[in-house]
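For reference, the structure discussed in these notes is given below.
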Amino acid sequence: MRIVTWNINSLRLRLPLLERMVTELSPDVICLQETKVPDELFPEAAPGALGYPFHFRRGMKGYNGVAILSRVPMRRDETAPDWCLKDDRRHIAAVLETPTGPVTLHDFYVPAGGDIPDPAANPKYAHKLAFVDEAADYFAANPPARSILVGDLNIAPLEHDVWSHKQLRDVVSHTEPEIERMTRWLGNGFTDAMRHFVPPAEKLYTWWSYRNRDWRASNRGRRLDHVWVTPDLVPALRGLHIHQEARDWTGPSDHVPVAIDLAL
DNA sequence: ATGGTGGGCAACCCA
């Protein structure tokens, strides 16, 4: 089974790119972030037309929004709280009915956190830290099993998850308070499935800013998108593919699709 | 130190 996570940065604008991604990667399940479409305006026919008879979405006007498209039957899991009581559509969960049994899938879009890495001066950074604390607490109180957590977590925790550890030390996405919190979250029941395949000493990116004249030449990337699995699913891990070429598609997202293969 | 480029959606918000 192949699961793709992708911050698509507007689902409606990039429907043709979603179709291209499906053609090239043929995922069984697609987790999207930043769909930027209210549920009532969701392109209703698109999932079925692309071969995904099952889908759930949680969107809102203008910002955020997540969706799961699936070839595999699934049911909603609505047990998680309304993170930070904001109703801001940053998480959706489902239980996939796989051939080996049910697997819980979480799709997260963690707040980006603004520019200033000081919670007193920057409410968006404070929100980000609080969000990650709350997620860590939730999984501590509700230990996950046979679970996969994916999404744009907007934190690059390891030295080689960014192009320059030194230069990004105080840049939101790579600050110590974020990394501490994310490490605690991960530790509450998950393992880093991407680093299962790529050693920590190797550079690994999923995002390249729009603000570079040549993203490939400068290669100032960060690993903001993640795939975590519970230890009971580690033996099922089969492969990882970062679809880097998607960054060169016409009208690209600044994030590229990340595919994980599991024997389920 | 600064600004660079995107999307949403109608003035700036957000990334």
Side-chain angles (χ1 to χ4, degrees), chain A residues 5-21 31-43 46 57-67 83-84 86-92 107-119 121-132 135 150-157 161-164 166-175 177-178 182 205-226 243-258:
Chain A
T5 179
W6 191 19
N7 179 323
I8 196 167
N9 188 16
S10 173
L11 173 60
R12 286 174 292 178
L13 187 70
R14 286 187 235 288
L15 272 177
L17 298 193
L18 180 65
E19 181 173 14
R20 181 167 180 183
M21 187 279 286
C31 293
L32 299 173
Q33 304 88 34
E34 280 206 272
T35 53
K36 295 185 175 176
V37 58
D39 290 343
E40 64 273 20
L41 295 179
F42 191 91
R57 77 268 190 148
R58 284 193 73 218
M60 61 188 283
K61 186 176 176 176
Y63 312 105
N64 309 330
V66 286
W83 309 101
C84 302
K86 283 181 173 287
D87 191 28
D88 57 0
R89 316 300 167 98
R90 295 178 177 277
H91 173 240
I92 190 166
D107 178 10
F108 273 97
Y109 174 53
V110 170
D115 291 329
I116 304 162
D118 173 3
N122 173 11
K124 287 190 260 183
Y125 187 69
H127 175 216
K128 183 179 198 175
L129 297 182
F131 188 104
V132 176
V150 306
D152 176 5
L153 304 187
N154 265 318
I155 299 171
D161 290 339
V162 294
W163 63 275
S164 169
K166 271 189 182 169
Q167 286 179 251
L168 293 176
R169 248 13 228 115
D170 296 315
V171 172
V172 174
S173 74
H174 195 60
T175 67
E178 294 169 274
M182 180 187 234
Y205 311 141
T206 64
W207 172 90
W208 291 261
S209 172
Y210 285 124
R211 302 175 188 182
N212 277 315
R213 72 175 48 243
D214 185 336
W215 72 275
R216 201 185 281 278
S218 55
N219 198 24
R220 296 185 167 190
R222 304 179 202 171
R223 182 170 69 120
L224 301 181
D225 304 276
H226 295 267
H243 206 48
Q244 200 171 309
E245 66 199 72
R247 190 61 182 76
D248 273 333
W249 291 348
T250 304
S253 169
D254 45 356
H255 296 252
V256 299
V258 175

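The chains referred to below are lettered A, B, ... by the order of the sequence lines, with proteins before strands, and numbering in each begins at 1. Computed from a predicted model, the values in this text were never measured in an experiment.
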Hey, which of these two, A:P111 or A:P38, hits DNA chain B nearer its 5' end, going by closest nucleotide? A:P38

Contacts of A:E34 and A:Y210 projected onto DNA chain B by closest heavy atom; the upstream (5') one is A:Y210

Do A:R14 and A:S253 have side-chain N/O donor and acceptor atoms under 3.5 Å apart? no

Between atom [atom1] in [X] and atom [atom2] in [N], what is the gap in whole Å?
{"X": "A:R90", "N": "B:dA15", "atom1": "CZ", "atom2": "P", "value": "6 Å"}
{"X": "A:I116", "N": "B:dC14", "atom1": "CD1", "atom2": "P", "value": "12 Å"}
{"X": "A:N212", "N": "B:dG6", "atom1": "CG", "atom2": "P", "value": "11 Å"}
{"X": "A:W207", "N": "B:dG6", "atom1": "CH2", "atom2": "P", "value": "13 Å"}
{"X": "A:Q167", "N": "B:dA1", "atom1": "CD", "atom2": "P", "value": "13 Å"}
{"X": "A:K128", "N": "B:dC14", "atom1": "NZ", "atom2": "P", "value": "15 Å"}
{"X": "A:M60", "N": "B:dC14", "atom1": "CE", "atom2": "P", "value": "11 Å"}
{"X": "A:K36", "N": "B:dA10", "atom1": "NZ", "atom2": "P", "value": "14 Å"}

Hey, is the side chain of A:K61 poking within less than 4.0 Å of OP1 or OP2 on B:dC14, counting only N and O atoms? no

Whether A:K124 contacts B:dA15 is assessed here as follows: a side-chain N or O lying under 4.0 Å from the phosphate OP1 or OP2. Is that the case? yes

For A:W163, give me all partners under ring-ring contact (aromatic ring centres under 6.0 Å, His included), at least two apart in sequence or on another chain. none

According to ring-ring contact (aromatic ring centres under 6.0 Å, His included), who are the partners of A:H91, at least two apart in sequence or on a separate chain? A:W83, A:H106, A:F108

Among residues 7-15 of chain A, which ones have heavy-atom contacts with DNA chain B below 4.0 Å? A:N9, A:S10, A:R12, A:L13, A:R14

Strictly below 4.0 Å, N to O, side chains only: are A:R89 and A:D87 in salt-bridge contact? yes

For the atom pair CG (A:D107) and CG (A:D152), what is the distance rounded to the nearest 0.5 Å? 10.0 Å

Rounded to the nearest 0.5 Å, the NE2 atom of A:H226 sits from the CG atom of A:N154 at a distance of 8.5 Å

